[in-house]
Trainee: 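Take a look at the following structure, please.
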Amino acid sequence: MDAIFQDLTDAQREAVTHVDGPLLILAGPGSGKTRVVTHRIAHMLANGVRPWQIAALTFTNKAAEEMRSRVDALAPGQPVWMGTFHRFCAQLLRRYGGMVGLSENYSIYDMSDAKQAMKRAIAAADVSTTHASPEQIAAAISRSKNRLITPEMMEGHSLTPGDTIAAKVYPVYQQQLLTANAVDFDDLLLHIARLIRENPEVRAELDAKFKYILVDEYQDTNLAQYAIVRALSIDNPNLAVTGDPDQSIYGWRGADLNNILDFEKDYPSVKTVRLEKNYRSTPNVLRVADQLIRHNQKRKQKDLFTDNPEGDPVVLRIFEDGYKEADGIADEIAAAISTEGLKPSDFAVFCRMNALTRSLEHAFRARALPYQIVNGVEFYQRREIKDLLAYLHLVNNPNHDVAFQRVVNVPTRGVGAKTIEKIRAHADYHRIPMLEAARHASSIEGLAKRSASAVTKFVSIYDRLCIKATATLEDLIRYLIEEIGYEAYLEKSMVEQQDSNPMANVDEFVTAAVEFDRRHPEDGSLDAFLEQVALVADTDALDGSTDRVTLMTLHAAKGLEFPCVYIIGVEDDLIPHSRSKSTEQEFEEERRLLFVGITRAEQRLQLSLCKRRAVRGDIRPVIPSPFLNELPLEDIKRIESAVERNWFDEEFDQSYPDSWDLPDLSDSDGADSDLGDIDQAGSAAHRKGSGSIGDDTDFVSEMPTLMNVVDEAAQVPAPPTSASSVSSKPKKKMILSGLKTGADMLSGGATPLTAYREGVQVRHGEHGEGTIIAVTGRGPKRTAKVQFDDGEHSFRLAYAKLELVDSP
DNA sequence: CCCCTGTTATTTTTT
DNA sequence: ATAACAGGGG
């Protein structure tokens, strides 16, 4: 009992002791939020609240597990429901699915399943994909689902052209899902939200059952989630939410920041607790984070403070390119491990995109540094695992058409695309599942006897498999592998690809099944296993127990902490991402993303960027992230490696400026920071500032677009930048000098799209010279139709290798 | 029908 | 750089 209150601050205690009524906990990073939540649950249990009256909803399984283990430590063995929103809904749907047309053994489509289903729906809806890609349509439908918009509601209301297309596909997609007795991720929430809304008695029942609801990371809730928790907190308004508006980074997925900002309006009687004391980071780190996030408009001001010792200054490091960045960081980490007694697991490297981990991987491997990538190729996404899972799905739910299509010809047994197409058409026509259609293969019109018998063969394998459906998972899977000769198939088809060992993955899969059997000796049902698999995310695979450096995206980093953190690629178009900076909202979310990354650091933090970075093959000059100008540069130690001059590279001076348009630091004593072995011999600090870029309030809008500048460059080749020259317009100068000029430019990828006009002569590696006869579309879709000697061809200008031919 | 090859399109974040 | 795709030969 005393353990519950031990070492709590006043604010924390206030939250912990709150039992009835709405509660808002605004928790800054590292403020002991989980501690408060778990202690509060323990406190409630100790004060008469029955465990089954509590539901604690999280976004990730990892968070749920963390909560579970810490509650267990305080109040062992209490059956409090803890898990993700999606799992919560999935389990309700097992019970109430009948009310929305699903039977108990419904399947959850993962992303790739849903993608397949979407393509089929698009085809069935007879919608052309010329104006909207399947992905765009899927995204539009997903957005609608997150906002609780049903197919019927979309009719007539659709405004944008994209939505009009989506509105046509949406009902077909939903119908096909229903026929397949399946849901996608969004449906889990949507179905439950609708069910509760349309069935007051169910709502009341659940409201009464879950008398106390806790929501973690409330800033990440979307409308569907919001509707669910609100609806279940009417009769018993004991809704406790924790969150931090500054850490909302899932707006792109439908999360609505207003849910937390307006919580106090939703529940006027709310008790609000602010947790502002930080237990995680040094003041240095915290100051940088705080300065950055102050630039956001949409937030609730919190005053972060800490009692922690000052620690090392935050480091901003500038590298020449992505390889040097990776090598430099790997060297530093290796050095810190060998000289300072730090462990690999003390380090984490964050980046905006998964693709950026590649160079780090190489660097780590070369130094034999153990690492783990949180979002590499996910285990359950591997071909061999998906194959086996699809069989299991089909056993569990014969209507699972996506699974059927995946496995009907695995291993290859003579059922080709044409055959599948005919089965699908037959199934669509009679509105039956494909497996059902396959049973009548011989009577399907236009299906060759040979094909029909191949299909029949599959059906009989399937039927034999189903007999084992009630056996243990282990038996079922082993039987499956044996029956279809999967091992032989793998050996034959997976022609020795380096470092992939499919059979080892299969073994691991069997191990996972054995483990599931062991943990669910009684209720080890197939659908429970499949649900489990469907709802585990990649980030949940993060293994904290092994001693490895962790590589992951900034998104994946939320909720974690590490002694030493590196954030790479703090560059414009990366953070903020080029596709997330057009609106103020997106821009602020990107700022929050960086904030989240920064606040993961306990002791040391290094932000880094490159002067140039390879983007899909070609190397491009880099613009520093605008967020760097918002940091307290006087608190930051800036390190820039000396430029290695390639005497033979005449272009170098033009391409890569010596001066960087970040303010110089007054602190230029050159002493090594404690952050590993940075700034060693051979890379003496090379600090040259060109002054601040001035008042940066309009930084983004004032930024010249690449295109403007290129046009200019084409007319006036940039002179070589001398090391001492300081341009009055650093921004522009930098971009200019980063570009190749003259003929180089024309042959490179930097030709302005505007140069391609009707009548212009171009050269193509394959077709020779030709004349542009038409130009259509905009942005990346801008397309030129070219008349060559060998006929007409169309090219996406952003991708095609079309050279301009110098006009005579 | 299967497999290989060359071609083309595609790049954010994920429950 | 990589994945998905289309088309042709076996």
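Only heavy atoms go into these numbers, but all of them, side chains included; no hydrogens, no water, no symmetry mates. The model shown is predicted, which means the values in this text are computed figures rather than measured ones. Below, read A as the first sequence line, B as the second, and so on, with proteins coming before strands; counting in each chain starts at 1.
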Trainee: Within 45 degrees of the axis of the six-membered ring of A/Phe350 and under 6.0 Å from its centre: does A/Arg600 put its NZ or CZ there?
Mentor: no
Trainee: Testing A/Leu188, A/Val215, A/Thr58 one by one against A/Phe85 for a side-chain contact (heavy atoms from CB on, under 4.5 Å), which residue passes?
Mentor: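 Of the listed residues A/Leu188, A/Val215, A/Thr58, the side-chain contact (heavy atoms from CB on, under 4.5 Å) partner of A/Phe85 is A/Val215.
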Trainee: For nucleotides 1-3 of chain B, list the nitrogen or oxygen atoms of the protein found under 3.5 Å from its nitrogen or oxygen atoms, one pair per line.
Mentor:
unit_1	atom_1	unit_2	atom_2	d
B/dC1	OP1	A/Gly416	N	3.3
B/dC1	OP1	A/Thr419	OG1	2.3
B/dC2	OP1	A/Asn409	ND2	3.1
B/dC2	OP1	A/Gly414	N	3.3

Trainee: Between atom CZ in A/Arg358 and atom C1' in C/dA3, what is the gap in whole Å?
Mentor: 11 Å
Trainee: Backbone N or O of A/Asp110 within a donor-acceptor pair of the A/Asp113 side chain at under 3.5 Å?
Mentor: yes
Trainee: Over how many whole Å does the gap from A/Lys62 atom NZ to B/dT14 atom P extend?
Mentor: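 Going from NZ in A/Lys62 over to P in B/dT14 covers 12 Å.
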Trainee: Rounding to a whole Å, what distance do you find between A/Arg143:CZ and B/dT14:P?
Mentor: 18 Å
Trainee: A/Asn222 side chain to A/Gln225 main-chain N or O, any donor-acceptor pair under 3.5 Å?
Mentor: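 Present.
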Trainee: So A/Trp81 and A/Phe88, would you call those rings parallel, tilted or perpendicular, with 30° and 60° as cut-offs?
Mentor: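 Taking A/Phe88 first and then A/Trp81, their aromatic rings stand perpendicular (interplane angle over 60°).
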Trainee: Return the polar atom pairs (N/O with N/O) between nucleotides 7-10 of chain C and the protein under 3.5 Å, or none.
Mentor:
none

Trainee: Would you mind reading off the distance between A/Asp573 atom CG and B/dT13 atom C1', rounded to a whole angstrom?
Mentor: 16 Å
Trainee: Which whole-number value in Å describes the distance from A/Lys115 NZ to C/dA3 P?
Mentor: 12 Å
Trainee: Using a cut-off of less than 4.0 Å, is there contact between a side-chain N or O of A/Thr553 and OP1 or OP2 of B/dT14?
Mentor: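 Yes, because at least one side-chain N or O of A/Thr553 sits under 4.0 Å from OP1 or OP2 of B/dT14.
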Trainee: Using a 4.0 Å heavy-atom cut-off across all strands, classify A/Phe59 as base, sugar-phosphate, or nothing.
Mentor: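 The answer is sugar-phosphate, as A/Phe59 gets under 4.0 Å only of primed atoms, P, OP1 or OP2.
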Trainee: Are A/Tyr250 and A/His555 close enough that their ring centers fall under 6.0 Å?
Mentor: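 Yes, they do, as the ring centres are separated by less than 6.0 Å.
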Trainee: Can A/Arg299 and A/Glu588 be said to form a salt bridge (Lys or Arg N to Asp or Glu O under 4.0 Å), step by step?
Mentor: CA-CA 10 Å; A/Arg299 64 188 297 257; A/Glu588 290 207 347; over 6 Å; no
Trainee: If you check the A/Arg253 side chain, which of C/dT2, B/dT14, B/dT13 turns out closest?
Mentor: B/dT14
Trainee: With DNA chain B as reference, determine whether A/Phe85 or A/Glu135 sits nearer its 5' end, using the nearest nucleotide of each.
Mentor: A/Glu135
Trainee: Counting the benzene-type ring for Trp, do A/Phe627 and A/Phe595 have ring centres under 6.0 Å apart?
Mentor: no
Trainee: Measuring to OP1 and OP2 of C/dC5, would you say a side-chain N or O of A/Lys119 lies under 4.0 angstrom away?
Mentor: yes
Trainee: Between atom OH in A/Tyr250 and atom P in B/dT15, what is the gap in whole Å?
Mentor: 7 Å
Trainee: How many whole angstroms separate atom CG of A/Leu57 from atom C1' of B/dT15?
Mentor: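 Computing the A/Leu57:CG to B/dT15:C1' distance gives 13 Å.
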Trainee: Measure from the ring center of A/His400 to the ring center of A/Tyr109 and say whether it is less than 6.0 Å.
Mentor: yes
Trainee: Tell me: OH of A/Tyr109 to C1' of B/dT15, nearest whole Å?
Mentor: 18 Å
